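Sequence lines set the chain letters: A, B, ... in the order given, protein chains first and strands last, and positions in each chain run from 1. For clarity, every value in this text was computed on a predicted model and none was experimentally measured.
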Number of protein chains: 2
Amino acid sequence: MDVARAAGVSTAVVSYALNGRRGVAEVTRERVLRVADELGWRPATAARSLRAGPGAAALVAVHDGAAGARAGSTLDLVTAASEILDDGDVTLAVHAASSVEHAAHLMRRWWAERRYAGFVVTGLRTEDARLAALRHLPAPVVLIDEPLVPTPAAWRSVVLDDATAFAQVGEFLADLGHRRVAMLTGAEGLLATRRRATAIRSALAGSGIEFDAVSGDGVDRAAAAVGSLLSSGSRPTAVVTDDDVTAGIVLDVARRLDIAVPWQLSVVAGTDSPACRLTTPSLTAVPYPVHALGNAVGHALLGVLRADDAKGEKAPQTKPVDVGGLLIRGSTAPPTP
Amino acid sequence: MDVARAAGVSTAVVSYALNGRRGVAEVTRERVLRVADELGWRPATAARSLRAGPGAAALVAVHDGAAGARAGSTLDLVTAASEILDDGDVTLAVHAASSVEHAAHLMRRWWAERRYAGFVVTGLRTEDARLAALRHLPAPVVLIDEPLVPTPAAWRSVVLDDATAFAQVGEFLADLGHRRVAMLTGAEGLLATRRRATAIRSALAGSGIEFDAVSGDGVDRAAAAVGSLLSSGSRPTAVVTDDDVTAGIVLDVARRLDIAVPWQLSVVAGTDSPACRLTTPSLTAVPYPVHALGNAVGHALLGVLRADDAKGEKAPQTKPVDVGGLLIRGSTAPPTP
DNA sequence: TTGAAAGCGCTACCAC
DNA sequence: GTGGTAGCGCTTTCAA
């Protein structure tokens, strides 16, 4: 090692000094660190991984168009997660796959290549090839979203408490006096959108309020679904969408059909975004705390990876990430008879 | 190696067989490949990198809110690039940084750690800390966008031919009879948005058409800029935006101010997206060929990495990615006096 | 507290 | 065609 020579010590001492191991004279350590810094030296990842195993985790984003609004925020999530990870020596890399199956394939392969120490999975589907693939691997995994089926004990789930938030949406609309509510869900297979629909349905159950969930996967189909929903004879007086883009579409279609929002139709966007504040009327929305969610992912990841090192401790489950209260803006009001 | 033992050969033969080197009996090769496959064995990335250097490149996405509409499509771009790369053994990893400086820091660090074989840089700024950092490194780099300053000969730029497309927008609006045209640019520092503004300005120059470019970085400031632009006494009869979200804002503000689109105001979205088709009126837009762009990035990356291996050949520059003709929809028309 | 040396898993060179 | 083996750059025993 250049650093070792320049500092006049052996490579072992350099290694100790840099990894903060004790057993090195304080002066020596400082000298080594200084020299390393001057030389701009950093340990080679490959050499380090060869002994210690990989120090990076991967998130394979699936871009098949079904991911809905949250797809766009994957990088925001990763940014937030990286804030946490930067303190340690774990990094989170993102890769893109065009289908769930391909994502599963890549993770299986990269695990075999010992390229990554663990994986983050987001946008869970009901039958998810990624879970099937990872289940048989001894890989540490962080799930964003609670899966329907039980998962290995070593895994961790970071869950967004949007069931609570969506129940609150249901109550809010009920309190306003709405009697016919519809939800425009994202892709059918998406677990998150299902859970949201279920939450609002249960909140409304027993109150005699009519509730329908229609699927509108992708902007075009969403637009078609909105169209038929609002043109129907017994159209709802309130529509809840899964994402912000679809909510924008609802506003547009309503305007075209001469349905006044919020008086004749209330609209709630299931995922808030800056754009929701700028429409006319502005959209009442469920907050989407990407930053908090990302931070939680960072912590969970650190947790599973550490637990994987020291097989003893189990990765404690994380608390659901609080979504916060509904952001009430201009698109909701009591229905006018 | 397990595979070597199971196949009854030495590790050397396994290595040769797997890397397609000649000098292995065909039967042996097949047997080795079969055994490796059965055992699900793949070479450890770390060990391989230790000898051959890293086989992955990284794109550090900057998420400081200034990136504009294209930020959301980073993963689409990477998906398209990966299609190309999957054939070789190069992979492209994405990381997220919260500022250009942080991105520069990460790349410098990862290069020192020999973690990545090269970098892809997107969303160039006028004074870009990333270029400053990478310039002094012998790292292969693919730039998305042509930089203003000269760059190392080994680098490659993948450029989108949107100057042509934006010049075409200028001509289109001139032909329609517009005399006052404004452009809502993205973040000031962004090179791409500048080039677009310049292209449209030159196209309009000499025709006596008034042209103004106002900056609206981030949705809120964009909304404010649109507001003052459309409220002004001598408001333009045509507005071109850098991205699709801003175009949506323009439509909304116009509606609120009772300005009829397209009759009293034409709107052109500088970056097409599915949402552009769904507004009322639908938005005339400049196509944004993410897929082609991503493929080009994949090829360019393969090029620079290969050139880096065999120092002899220079990485040939790639042709600009063709944007295609303006998508004329409902938001543009001749101005009514 | 420090140095010497083994070894992580692979590739590539040199014998055979 | 195939096997032995050095060595990539680190971490980590084990001795000194």
Side-chain angles (χ1 to χ4, degrees), chain A residues 1-33 35-37 39-56 88-91 109-117 308-310, chain B residues 1-33 35-37 39-56 88-91 109-117 308-310:
Chain A
M1 247 185 235
D2 295 343
V3 179
R5 220 176 319 110
V9 292
S10 78
T11 63
V13 176
V14 175
S15 180
Y16 278 137
L18 261 98
N19 294 301
R21 289 279 191 296
R22 51 204 203 75
V24 196
E26 203 46 48
V27 275
T28 317
R29 177 191 307 275
E30 273 173 25
R31 183 155 44 88
V32 170
L33 290 180
V35 171
D37 198 47
L39 267 53
W41 181 86
R42 300 238 71 209
T45 339
R48 179 173 277 205
S49 311
L50 193 55
R51 280 198 68 81
D89 43 19
V90 176
T91 67
R109 173 174 168 164
W110 290 337
W111 179 257
E113 292 176 347
R114 284 140 289 178
R115 184 188 285 263
Y116 290 113
D308 190 57
D309 282 355
Chain B
M1 246 185 236
D2 294 345
V3 180
R5 221 178 316 111
V9 292
S10 79
T11 62
V13 175
V14 175
S15 180
Y16 279 135
L18 261 97
N19 294 304
R21 290 278 191 300
R22 50 201 205 76
V24 195
E26 203 47 48
V27 274
T28 318
R29 180 192 305 275
E30 272 172 27
R31 184 156 41 90
V32 170
L33 290 179
V35 170
D37 196 50
L39 265 53
W41 181 88
R42 300 239 69 209
T45 341
R48 178 174 281 207
S49 316
L50 193 56
R51 280 197 67 82
D89 43 19
V90 176
T91 68
R109 174 175 169 161
W110 289 337
W111 179 258
E113 292 176 348
R114 283 141 288 179
R115 186 188 285 264
Y116 289 112
D308 191 57
D309 281 357

What N/O pairs connect the protein and nucleotides 14-16 of chain D at under 3.5 Å? Give each pair on its own line.
none

Problem - Gap between atoms CZ and P, on B:Arg5 and D:dG3 respectively (whole Å) - result: 14 Å

Fill in the blank from the handout: Per atom distances to the A:Ala25 side chain, the nearest of C:dT2, C:dA12, D:dC10 is C:dT2

Handout entry: Sequence-distant partners of A:Arg114, salt bridge (charged side-chain N to carboxylate O under 4.0 Å, His left out), two or more places apart
Key = none

Problem - DNA chain D: 5'-proximal contact among A:Arg21 and B:Glu26 (nearest heavy atom) - result: B:Glu26

Practice task
Please list, chain by chain and in numerical order, all residues satisfying salt bridge (charged side-chain N to carboxylate O under 4.0 Å, His left out) with A:Arg31, sequence neighbours excluded.
Solution key: none

Practice task
Answer yes or no: does atom CG of B:Asp89 have more than 12 heavy-atom neighbours from other residues, nucleotides or ligands under 6.0 Å?
Solution key: no

Completion exercise
A:Arg42 CZ to D:dG9 C1', in whole Å, measures 15 Å

Handout entry: Trace of the side chain to side chain contact (heavy atoms under 4.5 Å, CB included) decision for A:Ser10 with A:Val14
Key = CA-CA 7 Å; A:Ser10 78; A:Val14 175; over 6 Å; no

Exercise for the section: Kindly say if B:Ser15 contacts the phosphate of C:dA12, meaning a side-chain N or O under 4.0 Å from OP1 or OP2. Expected result: no

Exercise for the section: Could I get the full list of side chain to side chain contact (heavy atoms under 4.5 Å, CB included) partners for B:Ala25, not counting sequence neighbours? Expected result: B:Val27, B:Thr28

Completion exercise
Expected list for residues 46-56 of chain A near DNA chain C, using heavy atoms below 4.0 Å, is A:Leu50, A:Arg51

Exercise for the section: With sequence neighbours excluded, give me every salt bridge (Lys or Arg N to Asp or Glu O under 4.0 Å) pair touching residues 41-50 of chain A. Expected result: A:Arg42-B:Glu113

Handout entry: Rounded distance (Å) that lies between atom P of D:dT11 and atom CG of A:Asp89
Key = 11 Å

Problem - Proximal nucleotide (of D:dC10, C:dC10, C:dT11) relative to the B:Ala44 side chain - result: C:dC10

Problem - Whole-Å gap separating C1' (C:dG9) and CZ (A:Arg115) - result: 15 Å

Problem - Integer-rounded Å distance: D:dC10 P and A:Leu18 CG - result: 10 Å

Handout entry: Any A:Tyr16 side-chain heavy atom under 4.5 Å of A:Thr11 side chain
Key = no

Handout entry: Residues A:Thr91, B:Arg115; criterion side chain to side chain contact (heavy atoms under 4.5 Å, CB included); working and verdict
Key = CA-CA 11 Å; A:Thr91 67; B:Arg115 186 188 285 264; 3.5 Å; yes

Problem - Phosphate OP1/OP2 of D:dT11 contacted by A:Thr11 side-chain N/O (<4.0 Å) - result: no

Practice task
Let me know, please, whether B:Arg31 or B:Arg114 comes out on the 5' side of the other along DNA chain D by nearest nucleotide.
Solution key: B:Arg31

